[in-house]
J.: 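Pasting a structure here, questions to come.
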Amino acid sequence: MDERFMKRRLIWSVLVLVPLLMLQSCGFFGSKKDGGKGGDAASGGKGGKSRKGDVGIYNGEVVADARKGWKQPTPYGMVLIPSGSFLMGQADEDVATAQVNFNKRVTISQFFMDDTEITNHEYRQFVNRILEDSVSILGEEYIMTKLYPDTTVWKKDFTYHNGDPMTEYYYSSPAFDRYPVVGVSWEAAREFSRWRTSLLNEYRKGENQAAMPRFDLPTESQWEWAARGGKSGAKYPWGNPYVANGKGCMLANFKPQRGNYDADGYAYTAPANAYNPNDYGLYNMAGNVAEWCKDAWADNSVVVTWDLNSDNINDDEPRKVIRGGSWKDVAYFLETGTRSWEYKDARRSYIGFRCAMQHIGMSSGREFR
């Protein structure tokens, strides 16, 4: 046989076998030792299927296997954000010289996130149900003053501004059903999240299904990782460095020019699914409405928090993080690394929220050894 042909075959064999060996070392394939595909299922080894199933204790031994039937479905209206690490913080010059956007590499476990901000019609389901079921517990005054959106924010937030049409129609009219809810405090947003969790898990309990993790506001690090959409060093969710595409169309709802709020197509808020989503399928992670995060505000929180699933939970701090900028902000606040805050009981015409849910189990779908 030709010597050159033999050499080519040898090289080809090496190129095929080396990646397979590397995959096996990372645990992509099972082994008899760990009870993978080659394991002895009849023996009831932990890696294989036990004949006893999840019986628990049998013949004086613990033979509990994995319980059957668990699968975490993607909640309605959410997308799965993959795990990964990124350089958290400002991706461009800190024009405000606030020095609160220091860069730090952070790792985030995968989680689910609402693909849009919570809309008026979605939030209305919460308010209506609470009014029906919980008036005797919470009291109508608490519901209407703390949980019901403050529709007067369109007048109160801006001096010498005619916000009467928005005050009257924004939350109540079907014309704005798909627009993001505003006038909701951080506390009300978390109450919505708790109600949403209870609603889902009460249904699952009735179907004899395992409880799902809680809905909650995203942590600041989760929010920034999701907003970047896999573009780790990018200035905006869509990349760098401009706020308009090649045709001159604005890529988000914000204040493009002094006194010109309408250049992006909307004078106030836009529908929650307006503009193109980022690469994770999330809409309006820049502009439209700024979004509440779970974290308490601290100037140095990026520096002092841990670098794995970092958060800054402090019940004694009334200031809470908001991210993403809004329809009334300049482009600086649209940057994925820009940080800001508001008091937790504040209700504004430019702050809304979306929920997150932790994905439990293996983050990558594969096992490493």
Side-chain angles (χ1 to χ4, degrees), residues 46 49-50 52-57 62-83 108-138 142-143 146-148 177-178 180-181 184 186-219 222-223 225-226 272-273 277 280-283 291-294 309 311 313 352-367:
K46 290 183 179 180
K49 292 183 178 179
S50 170
K52 308 300 182 295
D54 60 353
V55 68
I57 296 177
V62 178
V63 295
D65 203 350
R67 289 175 291 175
K68 306 299 184 292
W70 168 251
K71 181 180 180 182
Q72 187 172 358
T74 301
Y76 179 80
M78 286 189 154
V79 296
L80 181 62
I81 309 300
S83 62
I108 304 295
S109 300
Q110 68 181 10
F111 62 98
F112 297 102
M113 194 171 194
D114 282 321
D115 60 355
T116 71
E117 297 136 344
I118 297 299
T119 65
N120 283 316
H121 201 40
E122 288 172 328
Y123 194 83
R124 192 177 297 115
Q125 310 311 307
F126 160 62
V127 172
N128 290 346
R129 186 65 66 91
I130 292 295
L131 285 170
E132 291 175 5
D133 299 340
S134 303
V135 172
S136 60
I137 300 172
L138 299 176
Y142 173 83
I143 295 172
K146 300 296 184 181
L147 303 182
Y148 195 90
D177 276 353
R178 292 283 294 162
V181 66
V184 173
W186 179 87
E187 296 165 322
R190 296 205 70 190
E191 192 65 40
F192 171 90
S193 302
R194 287 188 283 269
W195 169 81
R196 189 177 178 185
T197 302
S198 176
L199 186 70
L200 175 60
N201 282 332
E202 284 180 7
Y203 169 80
R204 290 181 64 85
K205 183 178 180 181
E207 297 294 315
N208 199 29
Q209 297 175 352
M212 292 275 276
R214 293 184 298 275
F215 293 100
D216 207 339
L217 297 177
T219 64
Q222 283 179 326
W223 190 96
W225 168 245
N273 62 347
Y280 286 161
L282 302 173
Y283 294 84
E291 299 176 12
W292 289 114
C293 292
K294 186 178 178 181
N309 293 324
D311 64 22
I313 307 305
F353 71 100
R354 71 181 79 207
C355 296
M357 174 193 282
Q358 197 64 48
H359 182 276
I360 56 178
M362 290 297 293
S363 63
S364 61
R366 59 184 186 269
E367 183 182 354

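These numbers come from a predicted model, not from an experiment.
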J.: Any carboxylate oxygen within less than 4.0 angstrom of a Lys/Arg side-chain nitrogen, looking at R194 and E191?
T.: yes
J.: Counting N and O atoms only, with roles assigned by atom type, does the side chain of Q72 sit under 3.5 Å from a partner on the main chain of I360, one being a donor and the other an acceptor?
T.: yes
J.: Main chain of L199, side chain of E202: is a donor-acceptor contact present, judged purely on distance under 3.5 Å?
T.: no
J.: Please give me the minimum heavy-atom distance between N309 and I108, naming the atom from each residue.
T.: OD1-CA, 3.4 Å
J.: Can you tell if the side chain of I130 reaches within under 4.5 Å of the side chain of L138, non-hydrogen atoms only?
T.: yes
J.: Working to the nearest 0.5 Å, report the span between SG of C355 and CZ of F111.
T.: 12.5 Å
J.: Looking at every non-hydrogen atom in both residues, tell me the closest pair between P218 and M113 and how far apart they are.
T.: CG-CE, 3.8 Å
J.: Checking the side chain of W223 only, and the main-chain atoms of W292 only, is there a donor and an acceptor separated by less than 3.5 Å?
T.: no
J.: For K294 and D311, run salt bridge (Lys or Arg N to Asp or Glu O under 4.0 Å): C-alpha distance rounded to whole Å, both residues' side-chain angles, the deciding distance at 0.1 Å, then the answer.
T.: CA-CA 8 Å; K294 186 178 178 181; D311 64 22; 5.4 Å; no
J.: Should we say atom CG of N208 is surrounded by more than 12 heavy atoms from elsewhere, each under 6.0 Å from it?
T.: no
J.: Kindly say whether R178 contributes a backbone atom to a donor-acceptor pair with the side chain of E122 at under 3.5 angstrom?
T.: no
J.: Indicate yes or no for a side-chain donor-acceptor contact from E207 to the backbone of R204 under 3.5 Å, with no hydrogens or angles considered.
T.: no
J.: State whether D114 and R196 are salt-bridged, where the test is any N-O pair (Lys NZ or Arg NE/NH1/NH2 against Asp/Glu carboxylate O) under 4.0 Å.
T.: yes
J.: Between D177 and R124 (salt bridge meaning N to carboxylate O under 4.0 Å), is one present in this structure?
T.: yes
J.: So that I know where these two stand, are F192 and F353 an aromatic pair - ring centroids less than 6.0 Å apart?
T.: yes
J.: Counting only N and O atoms by type, is there a donor-acceptor contact under 3.5 Å from the side chain of S134 to the main-chain atoms of I137?
T.: no
J.: Show the numbers, then the answer: is there a side-chain contact (heavy atoms from CB on, under 4.5 Å) between M357 and L200?
T.: CA-CA 12 Å; M357 174 193 282; L200 175 60; 4.2 Å; yes
J.: Which atom pair, heavy atoms only, marks the closest approach of F112 to P73?
T.: CZ-O, 3.9 Å
J.: Show the nearest heavy-atom pair for residues L282 and I81, with the distance to one decimal.
T.: CD1-CD1, 3.8 Å
J.: For L217 and R354, work out which heavy atoms get closest and say how close.
T.: CD2-O, 3.9 Å
J.: Could you report the tightest heavy-atom contact between T197 and F215, atom names first, then the distance?
T.: OG1-N, 2.9 Å
